Amino acid sequence: MNFKPNSPIGIFDSGIGGLSVLRAIRRLMPGESIIYFGDQIHIPYGPRPMEQIGRFSEAITNFLIQQQAKIVVVACNTASAAALKDLRAKFPEMQFVGMEPAVKPAAERTQTGRVGVLATPATFQGALYASVVERFANGVELFQNTCPGLVQQIEQGNLDGKETRQILENALFPMLERNIDTVVLGCTHYPFVIPMIEQIVGENVRVIDPAPAVAKQTNRLLETGRLVNPTSAGGNVKLFTSGNVKALQSLLPILLGESAVVNNAEWIDKTHIRQAHGFTTPTQA
Ligand code: DGL
């Protein structure tokens, strides 16, 4: 692998969730170009077996490497839980930025000692979450909810409708009854419904979006590897989806506040991803 400062940052998620991380990276590093892959044909990852999410993540990483990515941001808590360790072992030359629910800052700041965590089933089941809780919860009581159906509503662009509100109320009302003062967003889709979450929990509850911290960590790793793009503005964003190009394109102004080129990439035999113009990536690095 030949990493260069002007190569793009690779980012992936099961769908549009990672765009919340992409947005934060754009704000912090506007000169960096970005290649994003959303595996919308397989959404949601949350209820899938870990091993399958691991295989998807490996193939997507290969795809991003073929696209010259200089670093890979796993902008998905679920894929991080299922695959981050294996990805680091399989691609030792590549730097990865992963995600874990922000239990640490929540536990440090809570006054009531009670914190709500919203994430997918796979994230809660993974060893990564167990280790985060063990290392950082520090006696703080955590209330967890998987918000069934929320990822799909957000994928459809339903950021403020009745169904979305219902799912969030079902998750948050019982937590509020237990006197939480902090909510951790442990899924990259959820920052897109922060306005609704804030309406439900009120101003005395802090909502933690991990995206800015992930952007900072990406910047730190690029600096350490001397891979920061010296240009201070004008980076390109190129998006790939394994799902519907037009549907994604139409959501971009709401999700990103800008439009970007969206390309189709298709799965071949569940192990390779092929770009629309016929480019194939192997499973092995
Ligand atoms: N955005 C993903 C995450 O951060 C999960 C969505 C899914 O279940 O596919 O966990």
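Counting starts at 1 for both ligands and their atoms, in listed order. Treat the numbers as computed from the prediction; the structure is a model and nothing was measured. Residues: numbered from 1 along the sequence shown.
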### Charged tip of Lys70 within 45° of Phe3 ring normal and under 6.0 Å
no
Between [X] and ligand 1, which residue portion shows a heavy-atom distance shorter than 4.0 Å: side chain, backbone, both, or neither?
X: Cys187; answer: both
X: Asp13; answer: side chain
X: Thr188; answer: both

### Query
Quick one: does Asn263's side chain have a donor or acceptor within less than 3.5 Å of a partner on Leu239's backbone?
yes
### Task
Answer with yes or no after comparing the ring centroid distance for Phe240 and Phe12 against a 6.0 Å cut-off, counting only values under it.
no
### Query
Looking at Phe124 versus Tyr129, is the centre-to-centre ring distance below 6.0 Å?
yes
### Summary
Ranked by distance from atom 6 (C) of ligand 1, the top protein heavy atom is Ser14 OG, 3.3 Å
### Query
For atom 5 (C) of ligand 1, what's the nearest protein heavy atom and its distance?
Thr78 OG1, 3.5 Å
### Query
Do Tyr190 and Val103 belong together in a cluster built from hydrophobic side chains that touch within less than 4.5 Å?
no
### Ligand-side contact atoms (ligand 1) for residue partner Gly46, heavy atom cut-off under 4.0 Å
7 (C), 8 (O), 9 (O)
### Query
Which of the atoms of ligand 1 are close to Thr120, meaning less than 4.0 Å from one of its heavy atoms?
5 (C), 8 (O), 10 (O)
### ligand 1 contact by Gly15, heavy-atom criterion under 4.0 angstrom
no
#### Entry: Backbone or side-chain N or O of Asn77 under 3.5 Å from ligand 1 N or O
yes
### Summary
Checking heavy-atom distances from atom 1 (N) of ligand 1 to each of His189, Gln152, Arg48, the winner is His189
### Query
Do Leu252 and Val262 touch side chain to side chain, with heavy atoms closer than 4.5 Å?
yes
#### Entry: Side-chain touch Ile34/Leu22, heavy atoms, less than 4.5 angstrom
yes
